[in-house]
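Just so you know, these numbers use all the heavy atoms, side chains as well, and skip hydrogens, waters and symmetry mates. The structure displayed is predicted, hence computed values, not measured ones.
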Amino acid sequence: MTTHVTQAGEVYERIAANVQRVVRGKPEVVRLAVAALLCEGHLLFEDVPGIGKTTLARCLARSIGGTWNRIQFTPDLLPGDITGVQVYHQNDEKFVFHPGGVFANVVLADEINRGTPKTQSAMLEVMSERRVTVDAVRHEVPTPFLVIATQNPIEMAGTYRLPEAQLDRFLMRLRMGYPDLDAEVMVIISDRAGVDPDELPPVVDIPTLQNAVAQVRGIRIDTALVRYAATLTSATRQYSDVRYGASPRGSIALIRAAQGIAATHGREFVTADDIKQVAHPVLDHRLILTPDAELRQRTAEDVVRDLLAKIPVPVAGASGG
């Protein structure tokens with residue numbers, strides 16, 4: 001078991017080091033993104049343009065030797081552009097499936113809130129099912145399959161905000177944030193030196209990555225920590241400032257993400273700190289606050305921070321796992 005997890009940790013180290021040759025000054029964002037890849041989750045980035053979200057997607061795809069597509073969401077984008085369509089070939093006298101933009105290992109769904117609800121629904125369904133059904137014929141998307149969707153929180157006019165219930169489809173919501181001065185200088189230097197994400201060498205192959213993904217699923221977690229994660233999630237439903245808290249799917253996501261983080265640290269077991277590290281990315285976007293709380297400018301981040309401070313961490317070895 002230790003050997004397996006060590007291999008998963010090595011996979012993380014190789015990918016993270018490669019990505020950070022281009023994505024500067026954001027080691028924790030890179031760690032969380034690779035953790036999502038290792039535990040088969042999808043990412044939602046809410047941030048302003050121009051801070052490296054596309055670059056991150058390209059670097060991840062290059063690092064695993066996989067394919068990547070960018071789907072620019074606009075109001076005239078159709079579900080068929082996402083999933084693919086059947087096209088009649090007159091010479092052969094038959095319909096042939098033409099795959100849509102989701103058929104890649106890493107898919108950047110750029111400005112997903114600019115697509116219509118129908119198109120968003122097609123995207124979210126593929127994320128959940130990992131396959132496309134066209135004219136009653138199923139087509140599996142490639143494995144691994146990571147969707148990185150973006151929303152610009154500043155320009156919301158004329159957009160279709162993702163339904164709160166559908167935000168659950170994303171394992172984590174992240175924010176890149178602006179780089180600090182030193183990191184921005186390094187970004188400029190790298191750009192001038194011609195470090196192109198498309199020229200990054202693959203550092204793991206797909207079978208190696210899939211082996212690591214399987215190993216992450218087997219990372220051990222003590223029953224007391226499962227209860228701790230469930231207590232955190234359940235407490236969001238009791239919190240006075242919260243109208244709708246996280247569902248049990250949020251608890252499952254918390255455990256999965258914690259396993260992914262444990263793998264990035266090369267460990268064969270989850271710790272309470274792993275759960276704490278992913279609590280905000282996993283839970284924040286699953287909470288809907290009351291109107292009164294919003295008027296008082298409370299945020300989901302405030303709620304999760306408060307719960308992390310109040311709920312006691314279980315003592316190690318308090319329960320069998």
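Screening residues 116-125 for side-chain hydrogen bond (donor to acceptor under 3.5 Å, both in side chains), with sequence neighbours left out, gives Thr116-Thr119. Evaluation of the salt bridge (charged side-chain N to carboxylate O under 4.0 Å, His left out) test over residues 130-149, restricted to residues two or more places apart or in two chains, returns Glu129-Arg131.
No donor-acceptor distance shorter than 3.5 angstrom exists from the side chain of Arg114 to the backbone of Tyr160, with no hydrogens or angles considered. One N or O on the side chain of Asp81 and one on the backbone of Leu78 form a donor-acceptor pair closer than 3.5 Å. A donor-acceptor pair under 3.5 Å is formed between the side chain of Arg286 and the backbone N or O of Asp168. Using modelled atom types, one side-chain atom of Thr233 and one backbone atom of Ala229 make a donor-acceptor pair closer than 3.5 Å. In this structure a side-chain-to-backbone donor-acceptor pair under 3.5 Å is missing from Arg21 to Ala17. In terms of modelled atom types and a separation under 3.5 Å, the side chain of Thr299 and the main chain of Asp302 share a donor-acceptor contact. Within the 3.5 Å criterion, the main-chain N or O of Glu46 finds no donor-acceptor partner in the side chain of Gln151. A donor-acceptor pair under 3.5 Å is formed between the side chain of Asp274 and the backbone N or O of Thr271. Without hydrogens or angle criteria, Asn105 side chain to Thr67 main chain gives a donor-acceptor distance under 3.5 Å.
Using a 4.5 Å heavy-atom cutoff, the side chains of Arg227 and Pro314 are not in contact. Taking 4.5 Å as the limit, every side-chain heavy atom of Gln86 sits out of range of all side-chain heavy atoms of His98. At least one side-chain heavy atom of Leu37 sits under 4.5 Å from a side-chain heavy atom of Leu209. A 4.5 Å side-chain heavy-atom check between Asn113 and Thr150 finds every atom pair outside the cut-off.
In the hydrophobic clustering, Leu295 connects to no other residue, as no ILVMFWY side-chain heavy atoms lie under 4.5 Å from its own.
In summary, Arg58 and Asp198 engage in a salt bridge, as defined by a charged side-chain N under 4.0 Å from a carboxylate O. For the pair Arg243 and Glu294, the salt-bridge criterion is not met [side-chain N within less than 4.0 Å of a carboxylate O]. Residues Glu28 and Arg175 are not paired through a salt bridge, judged by the lack of any N-O separation under 4.0 Å between the basic side chain and the carboxylate. The residues Arg62 and Glu199 are annotated as not salt-bridged, no charged nitrogen and carboxylate oxygen being separated by less than 4.0 angstrom. The residues Asp110 and Lys53 are annotated as not salt-bridged, no charged nitrogen and carboxylate oxygen being separated by less than 4.0 angstrom. Of the charged side-chain nitrogens involved, at least one lies within less than 4.0 Å of a carboxylate oxygen, so that Asp241 and Arg296 count as a salt-bridged pair.
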Start with the C-alpha gap between Arg70 and Gln72, add the side-chain angles, then the distance that decides, and say whether side-chain hydrogen bond (donor to acceptor under 3.5 Å, both in side chains) holds.
CA-CA 6 Å; Arg70 173 179 179 163; Gln72 184 64 52; 3.2 Å; yes

Give the C-alpha distance, both sets of side-chain angles, the deciding distance and a yes or no for side-chain hydrogen bond (donor to acceptor under 3.5 Å, both in side chains) between Thr208 and Asn211.
CA-CA 5 Å; Thr208 302; Asn211 191 36; over 6 Å; no

List the steps and the verdict of side chain to side chain contact (heavy atoms under 4.5 Å, CB included) for Leu167 and Leu44.
CA-CA 9 Å; Leu167 289 173; Leu44 174 65; 3.8 Å; yes

Is there a side chain to side chain contact (heavy atoms under 4.5 Å, CB included) between Val126 and Val141? Walk through the geometry before answering.
CA-CA 8 Å; Val126 179; Val141 295; 3.8 Å; yes

Before giving the answer on side-chain hydrogen bond (donor to acceptor under 3.5 Å, both in side chains), spell out for Asp292 and Thr290 the whole-Å C-alpha distance, their side-chain angles and the decisive distance to 0.1 Å.
CA-CA 5 Å; Asp292 177 64; Thr290 63; 5.1 Å; no

For ring-ring contact (aromatic ring centres under 6.0 Å, His included), just list the numbers for His285 and Phe170, CA-CA rounded to whole Å, side-chain angles, deciding distance to a tenth of an Å, and then say yes or no.
CA-CA 9 Å; His285 64 290; Phe170 293 96; 7.2 Å; no

Could you go through the side chain to side chain contact (heavy atoms under 4.5 Å, CB included) check for Ile261 and Tyr12 one step at a time?
CA-CA 10 Å; Ile261 284 295; Tyr12 160 73; over 6 Å; no

Audit row: Thr231, Ile311, side chain to side chain contact (heavy atoms under 4.5 Å, CB included) steps and yes/no:
CA-CA 8 Å; Thr231 302; Ile311 296 174; 4.0 Å; yes

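The OH atom of Tyr239 lies 11.0 Å from the OG1 atom of Thr236; values are rounded to the nearest 0.5 Å. Rounded to the nearest 0.5 angstrom, Gln277 CD and Arg31 CZ are separated by 6.5 Å. Going from atom SG of Cys59 over to atom CD1 of Ile15 covers 12.0 Å, rounded to the nearest 0.5 Å. Between the NE2 atom in His42 and the CE atom in Met123 there is a gap of 7.5 Å [rounded to 0.5 Å]. For the atom pair CD1 (Ile71) and CD1 (Ile82), the distance works out to 4.0 Å, reported to the nearest 0.5 Å. Remark: Leu254 CG to Met172 CE distance equals 10.0 Å, nearest 0.5 Å.
Smallest separation of non-hydrogen atoms from Val132 and Val102: CG2-CG2, 4.1 Å. Nearest heavy-atom pair across Asn18 and Pro201 is ND2-O, 2.9 Å.
The aromatic ring centres of Phe95 and His89 sit 6.0 Å or more apart. Residues Phe145 and Phe103 place their aromatic rings such that the two centres sit no closer than 6.0 Å.
Connection of Val19 to Val204 is established within a shared hydrophobic cluster, with ILVMFWY side chains joined at heavy-atom distances below 4.5 Å, either directly or through further cluster members. Linking ILVMFWY side-chain heavy atoms closer than 4.5 Å, directly or via other members, places Ile252 and Leu225 in two distinct hydrophobic clusters. Leu108 and Met127 are assigned to two separate hydrophobic clusters, defined by single-linkage of ILVMFWY side chains at heavy-atom distances under 4.5 Å.
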